[in-house]
Amino acid sequence: MLPQDLIASHFRLDLAHKKALSRLRIHTVRDLLLHLPQRYEDISSIQSVGSLVKGQEAVVFGQIGGLKTRKSWKSRVPISEGWVEDGTARIKIMWFNQPYIAKMLTDGMYAKVAGVVSGSDEKLYLANPEVERLDTLPIDRHDSLFNKTENTDETIYPIYRETKGITSKWIYHTIQKCFSQGILDKLEDPIGEDILKRYHLPTLKTALLWIHTPKKAEHAVSARKRFAFEEVFYIQVSKARERALISVATSYQINTEKKHLEAFTSRFPFPLTKAQDKSIKDILTDFAGRHPMSRLLEGDVGSGKTAVAATTAYAVATSRPPEGSTAKIQYGNLQVAYMAPTEILAKQHFESFIQYFKHLPIQIGLITGSGCFKFPSKTDPEKPTNISKAQLLKWVKNGEIPILIGTHALIYKSVEFKHLAHVIIDEQHRFGTNQRRALAKKDKLIPHLLSMTATPIPRTLALTVYGDLDISLLDEMPKGRKPIITKVIAPSQIEKVYDHVKEELQSGRQAYVICPRIDEPDPTKENALQLKSVKQEAERLKEQVFKNARIDILHSKMTPKEKDTVMEKFLAHEIDILVATSVVEVGVNVPNATNIIVEGAERFGLAQLHQLRGRVVRGTHQAYCFAVTSKDSTGKSGKTLERLKALTEAKNGFELAEYDLNLRGSGDLYGMKQWGLTDIGMDAIKNLKLVEAARNEAKALIETDPELKSHQAVAQMVAKIGESLHME
Ligand code: ADP
Ligand code: MG
């Protein structure tokens, strides 16, 4: 057996197995070994049913049976009952006054059952136990572990992520069989010994053994740490390689005269913030070099990224060849492409740019799926004009239009620039080197890249997923902004919120209502009942709360065109209240919408709530955000309220993203799935030291072996991780 062998060549697989394995992306023996446990059960806390004694707090694993509901004959209290059996014995389970319980459980189901052993010695039962449904038992009922003897330490048992057709146990046993065939001795460790030593990480062989069959909890922890390091390391290597490739490439050298630039920015109706000023300087310094810039501009919603973008676009559009330069390129018509994620945003950027550039003889184009525009119009120098796509493309190709704004339509094959020197990307994390090259078409020079985002992510994650970019932070809001008034609201207080919003509507403002779901809740799903849905809530508000208001909806299942239409109507104040899912997060600016109600607020991460709230900070009117919880502030949700309170205290989105990471666990981190990291990789993100270590090692490796020629094993892993990260 070799690591690269297909599993099917060593194990007999039925169709269900095959399908399941391919869903889990497990093909080879190596893939299987790297399918790491999701968690562990500690069997030492499990009792066998046969050994239970009265008064004990018991946790047993077994199969449920004999479920029924009856009334106690004395008091007529409804009683649900049944039994749980684990192979050693069977014990009765009983719930008083909870007649529905028997209906929620099914005979034959596997479960973890926890409760106090009650009754008399001959007739023991578990009173009101908690039952957790399991797909399989953590161990075989016939396994010797159930009849534990005193002297075994091996009480931790791995639980793997399951999928239809494959159980955790199957994975466990198959991995054990691989181990027994000596597979561990045939694995090459991609991570060098020196690195392992430096960070006290186990070798691949040890780590696999420890993670799949830990003798102690610490072993599993140590092994996880190694795999976490490895994942971040591979990402960092791929980023470092990308960065190395770009940094030797040649780009347009852009020279700016300070006084021209000052003339440009001094026309802004506001002074630049220090952070804006600093970011512009960072960018101009990069521009002055011969190599392409790769920079991320990170700043909360409203921090003024567009003004920075416009200033850099100005620098490029007016760039002159350096004194005494022998450059062959005809400077003076270098071009800028500015790409936005939606049509509406592209239009808004186009309008902002018109304001910034209208005093200059610099033409601006707009290209989207539904049409093309150019500013200024020949007939009216104050206004843009609708032009044909062919005409626009011609002017872009011959360099007459130095600034082109658009949606994805910008990167269509048909769009050719004369000298594309600068690409600005708004809110698209996956704009890779190849796309950048593709945009430049046959041009041998690689354009500078400024990627902008308002998505708050923790620093460790930024260092990882943006490892190939330099980062400029807009960590300061423009002066004079009224801070948004944020309130955490229990459902019982909602009337007050509605009264407030009614007043706001009356004085001409607009509002967002955000719901966690799109459709009618599915009553068969747990929790579904309390979660409000966009469609249902819009109707309810219309019928019962805001009877005179114009209400419309927005959600992710609508087509881009439908979404744009609704947003345009909202922008034009033909809609008073927009009931939406979190799709409104990314960028549209409706200054008159000053209220946002977020229903089911505990369902959202703090950073995401912060982004939602960002929808309302832009106007000159006082803005309000109401984070409404689904349940009242009793019991468990008391904690929820506490967590949500961070919203009223944190300085910015990044701080909230860190809170999310530490409070809720990485799995819940806003938008995390989009980064494509595994659970272990996400865990790694919690550890700054680990991330920095992986980053330094990756840099060092690429410096000595940029093509990974003598590190084939690393190269393979990097390629593999690239697939699942789909960074481009
Ligand atoms: P974002 O970073 O979310 O893209 P924008 O660039 O859209 O933010 O700016 C939000 C608003 O703030 C715009 O109306 C813009 O004119 C204004 N703005 C930008 N910079 C400043 C500043 N330094 N002072 C005051 N207002 C500013
Ligand atoms: Mg913006």
Side-chain angles (χ1 to χ4, degrees), residues 261-262 264-283 295-314 336-359 364 366 403 405-407 423-429 431 450-457 471-484 512 567 571 583-594 596 607-608 610-623 625 651-654 656:
L261 211 72
E262 269 165 12
F264 182 77
T265 54
S266 66
R267 279 190 66 263
F268 294 178
F270 44 75
L272 291 174
T273 63
K274 276 202 200 82
Q276 282 172 318
D277 205 44
K278 164 87 171 53
S279 303
I280 292 171
K281 288 208 172 89
D282 288 346
I283 295 164
R295 189 169 283 281
L296 179 76
L297 182 63
E298 251 187 313
D300 262 352
V301 169
S303 59
K305 293 184 289 294
T306 318
V308 174
T311 309
T312 65
Y314 170 83
V336 181
Y338 185 173
M339 193 160 100
T342 65
E343 196 161 323
I344 275 208
L345 274 173
K347 277 184 200 153
Q348 277 194 354
H349 293 329
F350 182 57
E351 277 153 24
S352 310
F353 266 52
I354 290 175
Q355 293 311 311
Y356 286 121
F357 285 90
K358 62 183 178 197
H359 61 298
I364 304 170
L366 174 69
I403 299 177
I405 297 173
T407 51
V423 176
I424 304 169
I425 306 281
D426 203 9
E427 282 301 342
Q428 314 223 318
H429 332 105
F431 199 81
L450 179 66
S451 184
M452 307 197 296
T453 182
T455 308
I457 61 174
I471 298 184
S472 289
L473 269 187
L474 291 184
D475 50 4
E476 173 191 6
M477 277 296 188
K479 281 206 190 67
R481 288 271 165 82
K482 287 190 189 130
I484 180 162
Y512 295 98
M567 274 325 290
L571 190 60
V583 292
V584 286
E585 270 165 73
V586 171
V588 178
N589 186 7
V590 181
N592 193 46
T594 52
I596 187 162
Q608 191 181 12
H610 176 73
Q611 266 213 320
L612 284 168
R613 163 170 77 172
R615 292 300 102 227
V616 299
V617 292
R618 298 172 177 227
T620 44
H621 303 285
Q622 177 62 54
C625 168
K651 281 199 296 295
N652 54 42
F654 303 108
L656 287 168

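Only a predicted model underlies this, so the values are computations on that prediction, with no experimental measurement involved. Just so you know, ligand 1 is whichever comes first in the structure, and atom 1 is the first atom listed for that ligand. In this chain, numbering begins with 1 at the start of the sequence shown.
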If we ignore hydrogens and angles and just use 3.5 Å, is the side chain of [X] paired with the main-chain N or O of [Y] as donor and acceptor?
X	Y	result
Gln611	Ala454	yes
Asp300	Asn652	no
Glu427	Pro341	no

- [ ] Give the single entry among Asp300, Thr306, Leu297 that approaches atom 5 (P) of ligand 1 most closely by any heavy atom.
- [x]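 Residue with the shortest heavy-atom distance to the ligand atom: Thr306.
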Task: From Phe268, Tyr356, Phe270 - option closest to atom 22 (C) of ligand 1 by heavy atom - done: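 Among Phe268, Tyr356, Phe270, the closest heavy atom to atom 22 (C) of ligand 1 comes from Phe270.
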Contact with ligand 1 for [X], non-hydrogen, under 4.0 angstrom:
X	value
Asp426	no
Ser303	yes
Pro271	yes

Task: Part of Leu474 within contact of ligand 1 (heavy atoms, under 4.0 Å) - done: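 Near ligand 1, Leu474 shows nothing, with every heavy atom at 4.0 Å or more.
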Task: Met452 contact mode with ligand 1 (heavy-atom cut-off under 4.0 Å) - done: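 Under 4.0 Å from ligand 1, Met452 contributes no heavy atoms.
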Task: salt bridge (Lys or Arg N to Asp or Glu O under 4.0 Å) partners for Glu343, two or more places apart - done: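 Result, salt bridge (Lys or Arg N to Asp or Glu O under 4.0 Å) vs Glu343: Lys347.
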Under 4.0 Å from a heavy atom of [X]: which atoms of ligand 1 are those, numbered in the order shown and with their elements?
X	value
Lys305	1 (P), 2 (O), 3 (O), 4 (O), 6 (O), 8 (O)
Val301	3 (O)
Leu272	23 (N)
Thr273	23 (N)

Kindly compute the distance separating [atom1] ([X]) from [atom2] ([Y]), expressed to the nearest 0.5 Å.
X	Y	atom1	atom2	answer
Thr311	Lys281	OG1	NZ	11.5 Å
Glu298	Ser451	CD	OG	9.5 Å
Asp475	Lys278	CG	NZ	10.0 Å

TODO: Give the minimum heavy-atom separation between Gln622 and Pro483, together with the two atoms involved.
DONE: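 Looks like NE2-O, 3.0 Å.
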Polar atom proximity, [X] to ligand 1 (N or O, under 3.5 Å):
X	answer
Gly302	yes
Pro478	no
Lys479	no

Open item on the list: Taking ring pair (Phe, Tyr, Trp, His ring centres under 6.0 Å) as the definition, give me every residue that meets it alongside Phe353, ordered by chain and number, with sequence neighbours left out.
Closed with: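 Only Tyr338, Phe357 meet the ring pair (Phe, Tyr, Trp, His ring centres under 6.0 Å) criterion with Phe353.
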